[in-house]
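Residues: numbered from 1 along the sequence shown.
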Amino acid sequence: MKEALDALASLSNEVRLKVFRLLVAASPHGLPAGTVAEDLGIPANTLSFHLNHLRHAGLVSSRRQGRLVIYVAHCERVQLLTDYLTAHCCTRPTCGDDGA
């Protein structure tokens, strides 16, 4: 449950959701941090804060490629989150069904 809460909290921020969506679109190769900052118009220090939040939640990872730091989305983590929510939060036949 803690992992699900961390992922949901991380993606509930507009900037982090935009960053994650951009990285998903660039999967599986990822993007350099500078490209993400430029594409989204985010200052580097602000982007760093949000990338660290996403990394802590297990939604992105980074690797060095020369002088660049490449960030990659972990799409499988979102699939695990979706599976968790489906299995533990939507066990009724129809969400919102009050039995009437």
Side-chain angles (χ1 to χ4, degrees):
M1 183 179 294
K2 181 175 179 349
E3 290 176 0
L5 290 171
D6 288 345
L8 288 168
S10 188
L11 292 174
S12 70
N13 176 276
E14 182 180 356
V15 173
R16 287 192 288 272
L17 185 57
K18 287 179 180 179
V19 170
F20 188 73
R21 288 177 58 198
L22 184 63
L23 292 175
V24 167
S27 287
H29 306 292
L31 291 171
T35 300
V36 174
E38 185 177 313
D39 285 359
L40 297 178
I42 302 170
N45 60 339
T46 301
L47 177 62
S48 178
F49 170 81
H50 290 295
L51 285 168
N52 283 332
H53 205 288
L54 289 165
R55 187 177 7 194
H56 176 73
L59 296 170
V60 301
S61 63
S62 63
R63 70 177 187 281
R64 281 225 171 257
Q65 187 174 317
R67 292 178 30 189
L68 300 175
V69 179
I70 308 297
Y71 286 88
V72 179
H74 288 263
C75 299
E76 67 277 1
R77 295 286 293 185
V78 174
Q79 184 61 54
L80 289 171
L81 175 60
T82 303
D83 293 347
Y84 174 84
L85 292 173
T86 301
H88 299 284
C89 302
C90 297
T91 56
R92 295 171 76 179
T94 305
C95 286
D97 182 12
D98 62 5

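- Considering only heavy atoms from C-beta on, V19 stays 4.5 Å or farther from Y71 through its side chain.
- Residues N13 and H53 fail the side-chain proximity criterion, which asks for heavy atoms closer than 4.5 Å.
- Cluster membership for L51 and L68, using ILVMFWY side-chain heavy atoms within less than 4.5 angstrom, is not shared.
- Taking S61 as the reference, H74 meet the side chain to side chain donor-acceptor pair (under 3.5 Å) condition, with sequence neighbours excluded.
- Judged as a ring pair (Phe, Tyr, Trp, His ring centres under 6.0 Å), and not counting sequence neighbours, F49 has no contacts.
- Cluster membership for V15 and L54, using ILVMFWY side-chain heavy atoms within less than 4.5 angstrom, is shared.
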With side-chain contact (heavy atoms from CB on, under 4.5 Å) as the criterion, how do R64 and V69 come out once you've worked through the C-alpha distance, each side chain's angles and the decisive distance to 0.1 Å?
CA-CA 5 Å; R64 281 225 171 257; V69 179; 3.5 Å; yes

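- Atom CD of E14 is surrounded by 12 or fewer heavy atoms from other residues, nucleotides or ligands within 6.0 Å.
- Here the straight-line distance linking atom OG of S10 with atom CZ of R55 works out to 11.5 Å at 0.5 Å rounding.
- Rounding to the nearest 0.5 Å gives a distance of 12.0 Å between CG of D83 and CD of E76.
- Screening V72, L59, I70, V36 for a side chain to side chain contact (heavy atoms under 4.5 Å, CB included) with L23, the sole residue that qualifies is V36.
- The backbone N or O of V24 sits less than 3.5 Å from a side-chain atom of S27, completing a donor-acceptor pair.
- Using a 4.5 Å heavy-atom cutoff, the side chains of H50 and K18 are not in contact.
- Residues L5 and L81 share a single hydrophobic cluster, defined by chaining ILVMFWY side chains whose heavy atoms lie under 4.5 Å apart.
- Pairing each heavy atom of A9 with each of S12, the nearest pair is O-OG, 2.8 Å.
- The backbone N or O of T82 sits less than 3.5 Å from a side-chain atom of T86, completing a donor-acceptor pair.
- A distance of 11.0 Å separates CG of L11 from CG of D6, quoted to the nearest 0.5 Å.
- Taken together through direct or relayed side-chain contacts under 4.5 Å among Ile, Leu, Val, Met, Phe, Trp and Tyr, L85 and L80 form parts of separate hydrophobic clusters.
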